[in-house]
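Okay, so here's the structure we're looking at.
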Amino acid sequence: MCLILWISISGICLLLFSVSTGAVELSCSIVHSLPIGSERYVFNAMHGTPVRSQQRYEEVCIIASVKLNSTNAEVSFPKHQYIELFYASIPIIGPDLFRQLGEATLNLELRKGNVSELLFGSSKLNHLKISETGLSRFVVLEEYEFNLQTLVIHERLITVLPANVNLLRELRLLDLSGCSLTIVDLSQLSGLRSLSGLVLADNQLSTVEVSAGVELPALSKFDVQQNELSRIDRFPEMFPALTHTRLMQNRWDCEWVSEVRDKIWRKNITVLGMDFRCGRRINNGGLCCTYAHPFQARLAIAKAMLSVLDELSAGASNDGTQSIDPPITFKVFENETVDGVIGVETQHVGIYLQNPIGVV
């Protein structure tokens, strides 16, 4: 209510208004039907979007250009199942904001704008997505009521896993693609026994650590494409339910790739996508890789060539034709005195590399 006070001083009238201290009441800038984001249900990062005829739609309340300077601000949200804050300027989002969301609101998206820190408190939200807001810190507070099933963060300033993310016991999809993670310790996710999708694509990962005994028992989809990884220890053993993975565009070690390919084959895991252009690197079953030491690469090539020659020789013998000694013999020597020397021999002449393969 406005208080109007008239004061006559030398013929000048002043109007004084009392300032209202009520809650900030937000309303939808626009409401429209939007296809339900398949990433919340099908793990679209690997499988693509559903067929249009099968898409489900929901009403989205888009609230544009909200500005709040206090973490304790009283806010009244519209009663919509899906709310998107577009270009919001809320430097720090605290737990009070999540408490003030109505029970009808299950999905919240923060897109573009200015949100530098988010403290996630007790909430009835099922899905939370944050992208292009400048977020640099995400913390899950130690509160008791968490229904969150999907957490999607696409923020280049995020360099570590969200603190206390393992408290989100109902989480099914964690998508941190497009961040700047360099090291991920999967033991920080222990306790997320319902987590079925983990997307770490398009980061700067050089290491994925996992302690002995740590497992994500429900994880069926794992995506680490476009990183700086050379190997992942205990992969895929720590994901007993894994059915789909994406590994391309990394810096894999060829020995690790060969070892993992065998495990993937035996566990019937589908590898989605492949590398096409490896340059000077080796294409090992669709993944570009290099050997940790040059002599390992040369020795592997030599063994492969020798294996092919053996198969050709065996094939000639099975035809019933008389086997004759080949005019050129390809040999790889591996013993204590001659370390991986490659040579070509004819009947009376042998030509060998100047340096053993083992010399780096």
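- A heavy-atom distance below 4.5 Å is found between the side chains of Val31 and His80.
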Could you pull out all donor-acceptor pairs under 3.5 Å where a side-chain atom in residues 207-217 meets a protein atom, sequence neighbours excluded?
none

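- Under the 4.5 Å side-chain heavy-atom criterion for grouping Ile, Leu, Val, Met, Phe, Trp and Tyr, Leu97 is not connected to Leu141 through any hydrophobic cluster.
- The main-chain N or O of Val24 is never found under 3.5 Å from a side-chain atom of Ser76 such that the two would form a donor-acceptor pair.
- Other residues, nucleotides and ligands place no more than 12 heavy atoms under 6.0 Å from the CD atom of Glu103.
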List the steps, then state whether side-chain contact (heavy atoms from CB on, under 4.5 Å) holds for Asp223 with Thr245. CA-CA 6 Å; Asp223 187 348; Thr245 188; over 6 Å; no
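- Leu186 approaches Met238 most closely through the heavy-atom pair CD1-CE, 3.9 Å.
- Using a 4.5 Å cut-off on side-chain heavy atoms (C-beta onward), Val115 and Ile92 make no contact.
- The distance from atom CZ of Arg281 to atom CG of Leu287, rounded to the nearest 0.5 Å, is 9.5 Å.
- Side-chain N or O atoms of Asn268 include none that pairs as donor or acceptor with a backbone N or O of Trp265 at under 3.5 Å.
- A 4.5 Å side-chain heavy-atom check between Leu125 and Leu101 finds at least one atom pair inside the cut-off.
- Counting only heavy atoms from C-beta outward, the side chains of Asn107 and Leu128 never approach each other to under 4.5 Å.
- Contact annotation: the side chain of Lys129 approaches that of His154 to within less than 4.5 Å [non-hydrogen atoms, C-beta and beyond].
- Inter-residue side-chain proximity for Val152 and Leu174 is flagged as unmet; no heavy-atom pair is nearer than 4.5 Å.
- Note that the CD1 atom of Ile130 and the CD1 atom of Ile93 stand 7.5 Å from one another [nearest 0.5 Å].
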Could you please spell out the steps behind the side-chain contact (heavy atoms from CB on, under 4.5 Å) verdict for Phe98 and Thr105? CA-CA 10 Å; Phe98 295 101; Thr105 303; over 6 Å; no
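- Classification of the Trp252-Trp256 ring pair by plane angle, with boundaries at 30° and 60°, yields parallel.
- Without hydrogens or angle criteria, Ser136 side chain to Ser116 main chain gives a donor-acceptor distance under 3.5 Å.
- The environment of Arg169 atom CZ is dense: over 12 non-hydrogen atoms of other residues, nucleotides or ligands sit within 6.0 angstrom.
- For Lys67, the NZ atom is loosely surrounded, since the number of other residues' heavy atoms within 6.0 Å does not exceed 12.
- Once rounded to the nearest 0.5 Å, the distance linking CZ of Arg172 with CG of Leu151 reads 14.5 Å.
- Judged purely by atom type and a 3.5 angstrom limit, Ser230 has no side-chain atom pairing as donor or acceptor with the backbone of Arg251.
- Cluster membership for Leu106 and Val75, using ILVMFWY side-chain heavy atoms within less than 4.5 angstrom, is not shared.
- Between the CG atom of Leu219 and the NE2 atom of His244 there is a distance of 12.5 Å, given to the nearest 0.5 Å.
- Taking CD1 of Ile269 as the reference point, atom CG of Leu242 lies at 4.5 Å (rounded to 0.5 Å).
- Side chain to side chain, Ser258 and Asn284 meet the donor-acceptor criterion of an N or O pair below 3.5 Å.
- A donor-acceptor pair under 3.5 Å is formed between the side chain of Arg156 and the backbone N or O of Cys179.
- A donor-acceptor pair under 3.5 Å is formed between the side chain of Asn227 and the backbone N or O of Leu200.
- Looking at Glu109, Glu59, His127 one by one, the single match for side chain to side chain donor-acceptor pair (under 3.5 Å) with Tyr82 turns out to be Glu109.
- Nearest heavy atom pair, residue Met248 against residue Met274, reads SD-N, 3.4 Å.
- Counting only distance, with no hydrogens or angles, the side chain of Asp275 and the backbone of Gln249 share a donor-acceptor pair below 3.5 Å.
- Scored by the side chain to side chain contact (heavy atoms under 4.5 Å, CB included) test, Lys112 finds Phe86, Tyr87, Glu132 as partners (sequence neighbours excluded).
- Contact check for Ile63 versus Pro78: side-chain heavy atoms found under the 4.5 Å cut-off.
- Annotation: side chain of Arg137 is in contact with side chain of Leu119 (closest heavy-atom distance under 4.5 Å).
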Test salt bridge (Lys or Arg N to Asp or Glu O under 4.0 Å) on Lys267 and Glu237 and set out the steps. CA-CA 10 Å; Lys267 291 180 175 289; Glu237 292 89 340; over 6 Å; no
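- For the pair Glu155 (side chain) and Gly134 (backbone), a donor-acceptor distance under 3.5 Å is present.
- Cysteines Cys289 and Cys278: SG-SG separation is not under 2.5 Å.
- Placement of Val160 and Val165 in two distinct hydrophobic clusters is found when ILVMFWY residues are connected by side-chain heavy-atom separations under 4.5 Å, directly or transitively.
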Run Leu168 and Val140 through side-chain contact (heavy atoms from CB on, under 4.5 Å) and show every step you take. CA-CA 8 Å; Leu168 303 175; Val140 179; 3.8 Å; yes
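- Checked by atom type and distance alone, the side chain of Ser123 never pairs as donor or acceptor with a backbone atom of Phe146 at under 3.5 Å.
- Under the 3.5 Å distance criterion, the side-chain polar atoms of Asn203 are matched with a main-chain donor or acceptor of Leu176.
- Going from atom CG of Asp233 over to atom CZ of Arg231 covers 5.5 Å, rounded to the nearest 0.5 Å.
- Within a 6.0 Å sphere centred on CG of Asp262, other residues, nucleotides and ligands contribute more than 12 heavy atoms.
- Val224 and Ile232 make their closest contact through CG2-CD1, 4.3 Å (heavy atoms, listed as atom of the first residue, atom of the second, distance).
- Between Phe120 and Phe138, the ring planes are parallel. Angles under 30° get that label, and only those over 60° would be called perpendicular.
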With side-chain contact (heavy atoms from CB on, under 4.5 Å) as the test, would you mind laying out the steps for Phe77 and Lys79 before giving the verdict? CA-CA 6 Å; Phe77 286 93; Lys79 293 179 172 57; over 6 Å; no
